[in-house]
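Everything numeric in this text was worked out from a predicted model, so none of it was measured. Letters go in sequence order (proteins before strands), and every chain restarts at 1.
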Amino acid sequence: METQLSNGPTCNNTSNGPSTISNNCSSPVESSSIEDSKTNLIVNYLPQNMTQEELKSLFGSIGDIESCKLVRDKITGQSLGYGFVNYVDPKDAEKAINTLNGLRLQTKTIKVSYARPSSASIRDANLYVSGLPKTMTQKELEQLFSQYGRIITSRILVDQVTGVSRGVGFIRFDRRVEAEEAIKGLNCQKPPGATEPITVKFANNPSQKTSQALLSQLYQSPNRRYPGPLAQQAQRFRLDNLLNMAYGVKSRFSPMAIDGVTSLAGINLPGHAGTGWCIFVYNLAPDADESILWQMFGPFGAVTNVKVIRDFNTNKCKGFGFVTMTNYDEAAVAIASLNGYRLGDRVLQVSFKTNKTHKA
DNA sequence: TGTTATT
């Protein structure tokens with residue numbers, strides 16, 4: 001990829017990122033044993049509202065996909081925020097890691113890495129650690145725990161305002177037995193130089209908590225016969241607040257209603273494609289590819305599809321492309337933000353697709 | 001007690 005946006009895949013070893021110190025930056029394509037799959041990827045930290053189809057669309061822009069699964073809560077159907085993508089060609093899996101690891105989608109920074117072979121021994125290997133010295137860094141935390149096994153992720157929680165460590169964190173080991181040994185060796189022990197002992201125990205499983213909370217909400221709600229629309233309404237409300245905070249957008253007064261009316265009445269408004277809102281992106285460079293569109297539009301909300309229009313003979317971009325977004329509000333903010341955006345030495349023109357434009 | 005890491 002020739003053009004790199006500021007919000008594109010980056011190498012982030014920030015103090016609060018759930019990364020492993022040792023291998024996150026240097027090479028996510030790390031050595032694996034001979035039986036490990038080189039086509040199957042695990043994708044972590046997906047936006048809550050991202051669907052399996054959107055996951056497939058995003059990773060399908062790299063190469064042919066053999067299978068793709070978004071993992072959902074068995075009871076509530078809610079996304080658990082991670083999924084699997086299995087490519088036909090191992091080269092595409094490697095390309096997906098290099099291209100999409102660290103991609104920002106809405107409020108999340110996705111992680112793309114090889115999936116370990118599925119096994120009971122790698123489940124429930126996540127530890128919750130508290131009582132850490134406030135001065136302890138993520139690197140020091142990993143150094144302390146690495147004597148017990150291979151660390152998959154680590155994280156130290158920080159105060160959102162001050163950025164100061166809250167003295168609590170997480171360590172995910174490769175295998176549960178490693179986590180068990182770490183508890184035996186480190187629980188109630190003082191780290192080198194520390195004045196107080198730390199607590200090390202297995203972390204709560206967030207999927208169980210979410211599922212319980214949602215179920216109890218369902219049972220307590222007087223309108224529980226309509227969980228679907230209510231959940232959507234709640235999601236919309238949270239989105240409105242988020243947009244308001246982030247951009248000062250009063251989406252309560254934006255044409256949300258138009259979205260509903262158009263679908264019912266079949267009115268042909270610019271960009272409205274039935275399956276979402278189609279956006280026209282003009283003045284792309286000849287070497288532009290799909291990933292640049294994902295990087296630009298992904299942070300603004302649910303994107304279902306992107307397409308770079310190419311010349312049949314040269315395979316070079318003809319200077320424009322299309323992006324389909326599910327929600328009007330998010331599409332409108334994306335357009336307002338990206339129209340006039342300078343990409344390399346070009347100034348983009350971004351608008352809802354109109355009928356006079358070449359069909360996608 | 002997390003940007004829900006094993007289908």
Side-chain angles (χ1 to χ4, degrees), chain A residues 7 9-10 12-20 23-24 28 30 32 36-37 39-50 52 55-56 59 65-87 97 100-132 138 141 149-160 165-176 178-179 198-214 242 298-299:
Chain A
N7 65 351
T10 51
N12 47 16
N13 259 344
T14 53
S15 62
N16 61 351
S19 58
T20 49
N23 66 13
N24 189 49
E30 65 174 31
S32 50
D36 284 8
S37 165
T39 59
N40 196 24
L41 302 179
I42 185 164
V43 187
N44 290 293
Y45 311 118
L46 293 168
Q48 175 58 232
N49 56 13
M50 191 170 189
Q52 183 164 293
L55 183 68
K56 188 172 185 179
F59 282 79
I65 290 173
E66 194 277 325
S67 61
C68 168
K69 177 157 191 182
L70 178 70
V71 179
R72 296 181 176 278
D73 184 288
K74 285 189 182 67
I75 301 166
T76 66
Q78 293 280 304
S79 165
L80 295 185
Y82 68 93
F84 297 89
V85 176
N86 194 15
Y87 281 98
I97 291 174
L100 298 176
N101 183 42
L103 177 69
R104 295 226 277 272
L105 291 178
Q106 302 174 237
T107 61
K108 302 293 181 67
T109 301
I110 70 170
K111 180 178 177 185
V112 184
S113 52
Y114 287 116
R116 292 169 285 163
S118 185
S119 153
S121 66
I122 67 173
R123 297 182 57 178
D124 305 315
N126 198 25
L127 296 180
Y128 173 73
V129 188
S130 57
L132 294 167
Q138 188 191 8
L141 181 68
R150 176 187 169 203
I151 295 169
I152 301 299
T153 56
S154 71
R155 159 179 275 266
I156 289 179
L157 302 186
V158 298
D159 185 286
Q160 284 194 352
S165 166
R166 290 160 59 190
V168 300
F170 294 89
I171 294 275
R172 181 181 298 278
F173 278 102
D174 182 35
R175 291 177 298 144
R176 181 180 171 91
E178 297 169 340
I198 61 174
T199 300
V200 184
K201 55 187 181 183
F202 281 108
N204 291 340
N205 189 335
S207 67
Q208 290 168 4
K209 211 176 90 179
T210 305
S211 152
Q212 281 163 12
L214 282 169
L242 194 66

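In this structure, A:L70 places its CG atom 13 Å from P of B:dA5, rounding to the nearest Å. Following rounding to the nearest Å, A:L80 (CG) and B:dT4 (P) show an atom-to-atom distance of 10 Å. The interatomic distance linking A:N86 (CG) with B:dT7 (P) rounds to 15 Å, in whole Å. Rounding to whole angstrom units, CG of residue A:L46 and P of B:dT6 are separated by 14 Å. Going from atom CG of A:N44 over to atom P of B:dT7 covers 13 Å, rounded to whole Å. A:K111 has its NZ atom 13 Å from the C1' atom of B:dG2, to the nearest Å. Atom C1' of nucleotide B:dA5 and atom CG of A:N204 are separated by 16 Å, given to the nearest angstrom. Protein atom CD1 of A:I110 is 14 Å distant from nucleotide atom C1' of B:dA5, rounded to whole Å.
For A:K74, no side-chain nitrogen or oxygen approaches OP1 or OP2 of B:dT7 to under 4.0 Å. Put simply, A:R72 has no side-chain N or O that comes within less than 4.0 Å of OP1 or OP2 on B:dT7. Taking 4.0 angstrom as the limit, A:R116 places none of its side-chain polar atoms (N or O) nearer than this to OP1 or OP2 of B:dT6. Applying the 4.0 Å criterion to OP1 and OP2 of B:dT4, one finds that A:R172 has every side-chain N and O outside that range.
Distance from the side chain of A:I122 is smallest for B:dT6 among the nucleotides B:dT6, B:dT1, B:dA5. The side chain of A:R166 lies closest to B:dT1 when the candidates are B:dT7, B:dT6, B:dT1. Comparing B:dT1, B:dT6, B:dA5 by their nearest atom to the side chain of A:A203 picks out B:dT1. In this structure, the nucleotide among B:dG2, B:dT4, B:dT6 sitting nearest to the side chain of A:K108 is B:dT4. The side chain of A:S118 approaches B:dT6 more closely than any other nucleotide in the set B:dT1, B:dT4, B:dT6.
Among the heavy atoms of the strands lying under 4.0 Å from A:N40 is at least one base atom, whether or not backbone atoms are also near. Within 4.0 Å (heavy atoms only), A:Y82 reaches sugar-phosphate atoms of the nucleic acid but no base atom.
If you find the closest nucleotide of DNA chain B to A:V168 and to A:V71, the one lying nearer the 5' end belongs to A:V168. For the pair A:S119 and A:K201, nearest-nucleotide mapping onto DNA chain B gives the more 5' position to A:K201.
Between A:L141 and the options A:I151, A:I171, A:I198, a side-chain contact (heavy atoms from CB on, under 4.5 Å) holds for only A:I171.
A:Q78 is listed as a side-chain neighbour of A:Q48, based on a closest heavy-atom distance under 4.5 Å. Looking at heavy atoms from C-beta onward, A:D36 lies in side-chain contact with A:P117 at the 4.5 angstrom threshold. Counting heavy atoms from C-beta outward, A:N204 and A:Y128 have side chains that stay 4.5 Å or more apart. You'll find the side chain of A:I65 reaches within 4.5 Å of the side chain of A:F59, heavy atoms only. In this structure, the side chains of A:R176 and A:R123 stay at 4.5 Å or more apart for every pair of heavy atoms.
A distance cut-off of 5.5 Å between ring centres, combined with a plane angle under 30°, places A:F170 in a stacking arrangement with the base of B:dG2.
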